[in-house]
Amino acid sequence: MSTIRIHDTMSGRDIRLDHDKIGIYLCGVTTYDDTHIGHARTIIVFDVLRRYLEEMGRQVNLVQNFTDIDDKIIQRADAEGRDALELSHSYIERYHQDFDRLNVKRATSYPQATTHMQEIIDIISELVKSGHAYVVDSGVYYSVESFYEYGALSKKNIRELRSGIRIDPEQDKHDKVDFALWKRTDTKPNWDSPWGSGRPGWHIECSAMSLKHLGRTFDIHGGGRDLIFPHHENEIAQSRACTGLPLARVWMHVGMVTISGQKMSKSLGNIKTTRSILDRWGPNALRLFCLSGHYQKPIDYTQELLVESLDLWRRLESCHYILEQMADTHDTIVHDEFDAALSSNFNTHEAIKIMGDTVREVGEMASAGSLYTDNANILYGRIARMISIFGLHISRPENTEQIQHDIAQREKYRRSGKYKQADIIRERLHAKNIELLDYKDGTVWVYHEIMPHNIRH
RNA sequence: GGUGAGGUGGCAGAACGGUUAUGCGUGGGCCUGCAAAGCCUAUACAAGAGGGUUCGACUCCCUUCCUCACCUCCA
């Protein structure tokens, strides 16, 4: 029960992870723009995985990087007349605003390329020394040919890669499949190095930072599917050439978020930012949306799926408040089926279904009047734990005593047939996002999350 | 062209060698002072096509068609 199996892209098998301490390196974002729902999905998947592992008593070291120096950042900064590092750090700021709103737990650490220059230079030196990298005028390159396992992750072979490559005129690298470790440049931002001033290539920061923060081999290396090649393939080449050890026990890749079946991209203009979705649908519906499909498969972004996710969230809120008011203990309780779903290659789709079954069970009992303290205690404990693992957040009203008082007042009016007055109270509460559920033997109140644009659907 | 994933009922989308997925939608009903919310019930040739293995396949094997992703910007 406490073992979890995760599908490993490298071996194509599900691998058991039963260490007490779990090290995870998650490839985060390049900070040259706001994040979109695709980033959000990957990060939410790992946030829930982390919460689940911690719930099982594992100690999780989640390291998520920010690529804060990159050609795209520089281009963007030039276009806006801003300093590149100022720009990238302002987007890190915005990243945290968005993901705090999304109730994503802060990672254990968020290393950045620009604060790991020494480590990056050290690892490049190591690669040059061992003959896996070479120095030319334009910088330092990794010799793909020198690494016999190149292509193992993405199932590619070097010859085919070579034949597919476009001509890049200004490259003086030996082999067109080679990739940059250090790009020599005199324009800022740049850093000093044994090979002249310049900037690191995209992949090397992750090798340097994962080595520093997680050691030579760690449990899970993750990111979006689109990082398999070249990013993760190159990381493996760099790290293995240095340490001689496997980089990660499990390579875990999250499927893309598509729009009308196609990947989001700037050129198609179909980007949905995390922020805009958050503004419209709130954090909880967005989280449920991102968890609604199996993490390995694509999810198609549609209005309907968001509506479904929001509906489920509304039912969960009601369920939670019904149980909370019926139960007299509020401890969390394990629901075995739920854990079995998550342990089996992190099947959040199945886990949500099981949560939905529990919500229905509560509705059934509430309708039938068969919900008593003892079963409410158990169901409350289960729901509360599921909500917590999914990282959902139940909103709270300001003054519950006032609500109780209003309900009692309304009850008096109802008993004496003064329905108009009773309805006024109900309306007044409704305006404060409080919904009243009338059951045979009493009224339960539910506080609903206020949507930024306050749409129920 | 190469590699990988997949093609399931009106739509979305799982598991599984033999038993109702589930959700949304749609029809009817119950509860209620009325609502809301919820519940009940009904509804779907379900498996891209063609072979094969098997007592039995959506699930395994082969063939074929189609979709998507990646092939140095990518979460």
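Separating the CD atom of A:Glu233 from the C1' atom of B:A69 is a distance of 16 Å, rounded to the nearest angstrom. Between the CD atom of A:Glu435 and the P atom of B:U32 there is a distance of 18 Å, given to the nearest Å. In this structure, CD1 of A:Ile271 is placed 10 Å from C1' of B:C74, rounded to the nearest angstrom. Remark: C1' of B:G6 and NZ of A:Lys297 are 6 Å apart, rounded to the nearest angstrom. Atoms NZ (A:Lys440) and C1' (B:C30) sit 10 Å apart, rounded to a whole Å. What separates CD1 of A:Ile299 from P of B:C11 is a distance of 20 Å, to the nearest Å. A:Lys263 places its NZ atom 9 Å from the C1' atom of B:C73, with the value rounded to the nearest Å. Atom CG in A:Leu181 sits roughly 14 Å away from atom C1' in B:U72 (whole-Å rounding).
Side-chain proximity of A:Gln262 to the nucleotides B:A75, B:A69, B:U72 is greatest for B:A69. Distance from the side chain of A:Ser318 is smallest for B:A37 among the nucleotides B:U32, B:A37, B:C71. Counting only heavy atoms from C-beta on, A:Tyr419 has its side chain closest to B:G33 among B:C73, B:G33, B:A75. Checking B:A75, B:U72, B:C73 against the side-chain heavy atoms of A:Phe179 singles out B:U72 as nearest. Between B:C71, B:G38, B:C73, one nucleotide has an atom nearer to the side chain of A:Ser367 than all others, and that is B:G38. Side chain of A:Leu437, nearest nucleotide from B:A37, B:C24, B:G2: B:A37. Distances from the side chain of A:Arg360 to the nucleotides B:G33, B:G23, B:C74 place B:G23 closest. Considering only the side chain of A:Arg410, B:C34 comes nearest among B:C39, B:C34, B:U72.
Using a 4.0 Å heavy-atom cutoff across all strands shown, A:Glu364 reaches sugar-phosphate atoms only and no base atom. Residue contacts for A:Gly28: at a heavy-atom cut-off of 4.0 Å it reaches the sugar-phosphate backbone alone, with no base atom in range.
Checking A:Asp68 against A:Thr114 by side-chain atom types alone, a donor-acceptor pair falls below 3.5 Å. For the residue pair A:Asp178 / A:Tyr134, a side-chain donor-acceptor distance below 3.5 Å is found, with atom types taken as modelled. Under the 3.5 Å distance criterion, with hydrogens and angles disregarded, no donor-acceptor pair is assigned to the side chains of A:His174 and A:Glu145. A donor-acceptor pair shorter than 3.5 Å can be found between the side chains of A:His213 and A:His116. Donor-acceptor pairing under 3.5 Å is lacking for the side chains of A:Asn234 and A:Gln238.
With both ends at atom P, the span from B:A46 to B:C58 equals 10 Å, rounded to whole Å. Using atom P as the reference point in both B:A49 and B:U54, the two lie 23 Å apart (nearest Å). The same atom, C1', is picked in B:U26 and in B:U67; the two are 29 Å apart, to the nearest Å. Only the C1' atoms considered, B:A47 is 33 Å distant from B:G38, to the nearest whole Å. Rounded to a whole angstrom, the distance from the C1' atom of B:C74 to that of B:A42 is 48 Å. Atom P of B:C16 sits at a distance of 14 Å from the matching atom of B:G7, rounded to the whole Å. A gap of 27 Å separates the P atoms of B:A57 and B:G13, to the nearest Å. A distance of about 11 Å separates the P atoms of B:G23 and B:U41, rounded to the whole Å.
Sequence order on RNA chain B of the closest nucleotides to A:Leu227 and A:Leu161 puts A:Leu161 first from the 5' end.
At a cut-off of 3.5 angstrom, counting only N and O atoms as typed in the model, there is a donor on one side and an acceptor on the other between the side-chain of A:Asp438 and the base of B:A35. Taking 3.5 Å as the limit, the base of B:G33 and the side chain of A:Asp423 contain a donor-acceptor pair of atoms between them. On a pure distance criterion of 3.5 Å, no polar donor-acceptor pair joins the side chain of A:Arg225 and the base of B:C68. The base of B:A21 is paired with the side chain of A:His349 by a donor and an acceptor separated by under 3.5 Å.
Pair check for B:G38 finds B:C30; Watson-Crick or G-U wobble, both atom distances under 3.5 Å. Nucleotide B:A44 is matched to nothing when pairs are restricted to Watson-Crick or G-U wobble geometry with both distances under 3.5 angstrom. Applying the Watson-Crick and G-U wobble criteria (two distances, each under 3.5 Å), B:U59 pairs with nothing in any strand. Taking a pair to require two hydrogen-bonding distances under 3.5 Å in either a Watson-Crick or a G-U wobble arrangement, B:A12 pairs with B:U22. With both pairing distances under 3.5 Å, B:G1 is matched to B:C71 as a Watson-Crick or G-U wobble pair.
Around atom NZ of A:Lys155, more than 12 heavy atoms belonging to other residues, nucleotides or ligands sit under 6.0 Å away.
When ring centroids are compared, A:Phe66 and A:His96 come within the 6.0 Å threshold. In this structure, the ring of A:Phe390 has its center less than 6.0 angstrom from the ring center of A:Phe338.
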